[in-house]
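Right, one structure below, let's go through it.
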Amino acid sequence: MSETYTLYNSIVMDHFMHPRNMGDLKDADGVGEVGAAACGDIMKISLKIKDGKIEDARFKTFGCGSAIASSSMATELIKGRSIDEAMNFTNQEVVDALGGLPPVKIHCSVLAEEALKAALEDYIRKHPETASKLQTPMPAAA
Amino acid sequence: MSETYTLYNSIVMDHFMHPRNMGDLKDADGVGEVGAAACGDIMKISLKIKDGKIEDARFKTFGCGSAIASSSMATELIKGRSIDEAMNFTNQEVVDALGGLPPVKIHCSVLAEEALKAALEDYIRKHPETASKLQTPMPAAA
Amino acid sequence: MRHVYLDHQAATPLLPEAFEAMKPFFTEWFGNPSSLHEHGLRVREALKHSREQMAALIHAGSPDEIFFTSDGTESANLAIKGVAYANERRGKHLVVCATEHPSVINSVEFLEKQGWTCTRVGVDAEGHLRLQELRDAITPQTVLVAVHHVNHDIGTIQPVAEVGRICSEKGVPLYVDCEASAGWLPIDVDAWGAALVSFSPHRFYGPKGVGVLYRNKKARLVSIIHGGVQEGGRRAGTENVPAIVGAGVAAEVARRDLEARIAHTRELQVRLWDGLEKHVGFIKLNGPRPGPDRISTNLNISTEFIEGEGQLLLCDLNGIAVASGSSCVSKSLKISHVLAAIGLDHALAQGNIIMTLGRDTSVEDVDYVVQTFARIVEKLRGMSPMWDEFQRGIIDSVIRPTGRGKSFSQHAADVSGKSAH
Amino acid sequence: MRHVYLDHQAATPLLPEAFEAMKPFFTEWFGNPSSLHEHGLRVREALKHSREQMAALIHAGSPDEIFFTSDGTESANLAIKGVAYANERRGKHLVVCATEHPSVINSVEFLEKQGWTCTRVGVDAEGHLRLQELRDAITPQTVLVAVHHVNHDIGTIQPVAEVGRICSEKGVPLYVDCEASAGWLPIDVDAWGAALVSFSPHRFYGPKGVGVLYRNKKARLVSIIHGGVQEGGRRAGTENVPAIVGAGVAAEVARRDLEARIAHTRELQVRLWDGLEKHVGFIKLNGPRPGPDRISTNLNISTEFIEGEGQLLLCDLNGIAVASGSSCVSKSLKISHVLAAIGLDHALAQGNIIMTLGRDTSVEDVDYVVQTFARIVEKLRGMSPMWDEFQRGIIDSVIRPTGRGKSFSQHAADVSGKSAH
Ligand SMILES: Cc1ncc(COP(=O)(O)O)c(C=O)c1O
Ligand SMILES: Cc1ncc(COP(=O)(O)O)c(C=O)c1O
């Protein structure tokens with residue numbers, strides 16, 4: 001391999017080669033699995049939530065390099081956030097933290113946002129008592 | 001110049017570079033000047049005729065390399081022939097003697113034939129007594 | 001780290017002897033072949049020689065039937081549009097194979113916008129053109145049949161000689177795109193009865209920047225790039241002399257080494273596929289098995305439960321250069337229309353990798369690829385929710401169905417809310 | 001024997017520094033830019049760099065506005081047809097200058113067969129486009145105006161900036177063919193307001209096999225060679241990487257040396273024409289005098305009473321490479337349509353020779369050419385019946401009429417039985 005000629009920038013490549021938080025959480029409080037109809041990628045995010053805070057996050061991804069990097073980065077970013085903060089998470093945060101993605105690959109970061117939201121919704125569905133405390137209204141199911 | 005890379009074969013190049021019989025005949029017995037409408041070439045052949053034989057021939061040509069070579073070769077070929085023989089002269093003789101011409105340049109040899117015939121006609125016009133002795137009927141004027 | 005280049009379908013290194021032959025034409029013999037002086041005439045000779053070398057490679061009757069273009073794509077465009085425009089008054093119908101390269105398919109689509117109609121003939125699961133369907137597709141308005149020799153994606157060798165017989169029976173000219181076969185398989189334009197054949201020497205160790213179109217003298221063809229009277233009036237524009245010279249050398253070497261190249265790559269192809277099949281589970285070869293129906297250089301494989309780009313990237317990081325999807329259009333990241341045409345399950349089309357062998361590939365290279373690829377697949381499956389869900393019986397395998405769980409496509413549709421295909 | 005190459009309009013030798021830059025891309029960095037692995041990505045970078053070098057040469061706003069094709073002819077075809085097809089619904093009328101290169105004229109003729117109409121704007125005796133005629137030719141259906149920067153035949157510099165003003169006033173995109181000027185004159189696409197500009201680096205010491213098309217982002221353009229998604233979908237086909245790399249270097253050197261090249265060739269141009277005018281009688285310069293209206297490299301001369309090919313051949317035999325008629329179409333031996341458009345007398349069009357200077361041409365070269373050419377003319381006039389008939393007062397000179405005799409054209413018509421034009 002060459003250091004200089006890679007398809008993605010060095011942050012993306014690093015997250016692709018050494019993904020953070022890869023795997024499943026044994027006793028996940030919320031799990032979201034979403035797919036992108038356009039490209040066929042599938043992403044799954046599991047969350048451990050305690051006292052309204054995301055304590056831990058894991059991902060599994062079937063998809064291209066930038067999809068893997070996006071889910072790795074998304075789980076990194078989300079850890080420690082409150083549910084409310086997490087509900088306001090957008091794909092742009094992933095793109096920025098990765099130092100940019102090729103235009104044709106922006107949808108990978110969108111998928112990461114969607115997987116996270118799906119996991120949060122799953123948590124809220126299972127814990128209806130939390131819903132009333134949310135400042136952000138729950139988004140319509142994808 | 002390179003010996004190998006020339007537009008025409010070596011015979012044509014030789015006749016172009018060292019034309020035979022170039023010039024005018026002081027007391028020509030017949031002179032023909034013809035032009036090719038297609039390419040704009042002009043060729044003039046002068047003949048010295050004695051006892052029904054072509055004693056000498058000269059040419060002047062305004063035209064491309066193969067036109068000059070064709071007229072040079074035509075005058076060479078025609079010397080010593082009888083009027084009758086000369087009347088049967090065709091451009092193919094020129095082409096063959098030159099070792100071939102590019103297809104787009106065959107008309108140069110035709111022009112040489114025409115110039116020769118025009119010179120012969122001029123001679124016959126000036127010497128009507130010769131016409132009756134001809135075996136070949138005189139061609140219609142070009 | 002070992003470096004193994006397995007993307008010979010996309011590009012090949014220039015032969016040193018071809019480069020040597022090209023060198024003087026850059027700075028010394030730089031003339032324009034249209035010039036009437038020494039500089040022009042010298043390079044005109046060189047073009048003539050290359051034309052002879054091309055004619056010999058494909059058994060063309062005369063070097064005058066060889067036209068130089070800028071690449072295989074332009075040759076395909078010229079063949080399709082040049083014949084269509086030349087025969088406009090006779091008819092406006094074309095017949096092509098559904099798995100042609102985009103340079104053919106998209107040329108045809110362009111003509112369709114201009115009022116032509118086209119029938120796309122289907123293929124079987126291994127990519128073989130359906131001959132009866134082709135025969136039935138030809139109408140009195142058909143002015144051209146286009147069938148590739150070898151598929152660029154899955155390596156299927158088409159029954160070109162049979163197609164040629166049908167075409168001559170029906171009196172319709174046949175165009176054969178030989179881009180994926182020239183230099184790697186024997187080509188005999190006369191035996192096939194082909195009116196037009198195209199290929200590109202950069203696929204067999206020639207330089208980029210030149211394509212070839214063979215046209216039988218009897219076939220009508222008009223130019224599509226208009227201007228000067230170069231290439232017998234069929235391709236205007238200053239000829240790429242050095243590339244044409246190098247291409248000629250590459251053609252000559254290809255002709256000389258053809259048998260050896262086939263034997264060498266066939267051996268490696270079998271070894272590579274056997275190794276992969278043994279060390280990587282849930283893997284499928286697309287197109288025919290190594291043998292008379294498949295070109296010796298190409299392996300198109302689908303690895304289940306993981307996606308192609310990740311495989312490609314990890315291969316690259318391990319020094320292995322491969323392609324995914326359709327090598328020529330991988331930028332678009334779309335699943336190749338060839339895989340769609342053979343009816344490949346979406347799950348398998350996603351995990352597609354193309355490995356193409358070359359004359360410099362070695363046994364050690366192949367063994368390194370087998371080992372490395374097995375590790376890569378393991379790593380990616382470890383990250384894949386689909387692999388996990390397969391283990392847990394939620395989804396099933398397409399390659400070795402267990403009878404448990406729903407299909408990948410169904411699952412993908414469920415989680416994305418839309419059908420995956 | 002001295003060797004003097006005076007056909008820089010037809011071809012130039014490749015710059016050694018360009019060749020050096022190209023070398024590794026043949027055998028080492030041979031990848032296909034569409035490939036997603038290291039080999040592909042490396043050459044993709046190289047294309048990007050060359051695009052930047054091209055953009056700088058013509059002051060384009062962004063390298064993304066630079067497209068690579070195979071040569072100037074293809075670029076012209078793409079500009080004309082690509083804009084015409086893209087705007088088909090808006091209108092089907094084009095305006096071009098009558099003295100465009102055949103790659104423009106014949107592209108337009110092709111479109112005319114497909115239902116477009118085209119107005120050809122005339123030129124004056126020195127080849128300048130008639131601006132008012134151009135303005136009047138533009139209609140609401142006009143989708144493109146095409147005007148070359150410098151005429152390939154007679155070196156006339158066109159008032160492109162004025163044309164640009166008219167076009168932006170009328171809201172019609174302007175395409176400027178810069179093949180005969182790029183690398184030899186400053187080009188500023190923005191100052192001109194040009195929507196499209198084409199040129200070919202092999203005319204300024206770059207390699208053959210690559211052409212350039214600049215397209216302003218606002219101009220609509222569709223591709224004419226269909227296939228893969230290379231060049232932003234506007235030119236399918238595997239890119240000629242080494243040539244593109246070398247072309248970039250040639251563009252950079254051209255930009256750096258532009259002033260020096262102009263000064264050097266202008267001095268030689270003046271010296272050459274002065275020498276010829278002094279030592280060869282009955283000779284005429286076609287196009288404007290050396291100065292702001294004429295490119296510094298080109299001399300197009302007509303020598304009376306003799307024909308062009310003979311001059312060219314004798315020049316060649318004396319080591320001097322020149323062109324005759326229209327350099328790009330000299331194979332057809334037809335008198336250039338440019339000479340016809342400026343109304344040049346047939347007698348003078350016949351005796352046409354084009355000499356184009358380059359950066360390596362020296363004062364000694366020029367003096368040798370003057371001497372040698374004078375001898376050549378003398379020799380050919382000695383063979384010419386026309387020269388003789390002029391001496392004898394049968395025909396008259398066009399260049400310096402004596403009032404005696406009929407015109408050459410009349411005489412030619414008389415002896416050929418048909419009108420000579
Ligand atoms: C003004 C002009 N345009 C276009 C062309 C065609 O360019 P190319 O020979 O690179 O195809 C030429 C060729 O000489 C030219 O002079
Ligand atoms: C079968 C086939 N035809 C045509 C082409 C286009 O050739 P090129 O890339 O030389 O333009 C390709 C390219 O890979 C191909 O595989």
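Residue numbers begin at 1 in each chain, while the letters A, B, ... track the order of the sequences.
The structure places CD of D:E309 at 5.5 Å from CG of B:L7, a figure rounded to the nearest 0.5 Å. Here the CZ-CD1 distance, from B:F62 to D:I306, works out to 8.5 Å after rounding to the nearest 0.5 Å. B:C64 contributes atom SG, which lies 8.5 Å from atom CG of D:L313 (distance to the nearest 0.5 angstrom).
For chain D, the nearby parts of B:I42 are the backbone and the side chain; heavy atoms of each come within less than 4.5 Å. For B:S71, no part sits under 4.5 Å from any heavy atom of chain D, backbone or side chain. With a 4.5 Å cut-off on non-hydrogen atoms, D:I320 does not touch chain B at all. Interface remark: B:P102 contributes no atoms to any contact with chain D (heavy atom separation under 4.5 Å).
Residues B:M13 and D:L317 are in side-chain contact: their nearest non-hydrogen atoms beyond the backbone lie under 4.5 Å apart.
Per-residue heavy-atom pair counts under 4.5 Å with chain D were compared for B:E33, B:M22, B:M43, and the maximum is reached by B:E33.
When every heavy atom of B:A36 is checked against every heavy atom of D:S416, the shortest pair comes out as N-CB, 4.1 Å. Residues B:M17 and D:K379 come closest through the heavy atom pair O-NZ, 2.8 Å.
The environment of NZ in B:K53 is sparse: at most 12 heavy-atom neighbours from other residues, nucleotides or ligands sit within 6.0 Å. Atom NZ of D:K278 sits in a sparse spot, with 12 or fewer heavy atoms from other residues, nucleotides or ligands closer than 6.0 Å.
Close approach to chain B, defined as a heavy atom under 4.5 Å from one of its heavy atoms, is seen in D:L380, D:G382, D:M383, D:S384, D:P385, D:M386, D:D388, D:E389, D:R392 of residues 380-393 of chain D, taken by number.
Under the side chain to side chain contact (heavy atoms under 4.5 Å, CB included) criterion, D:E378 pairs with no residue at all, not counting sequence neighbours.
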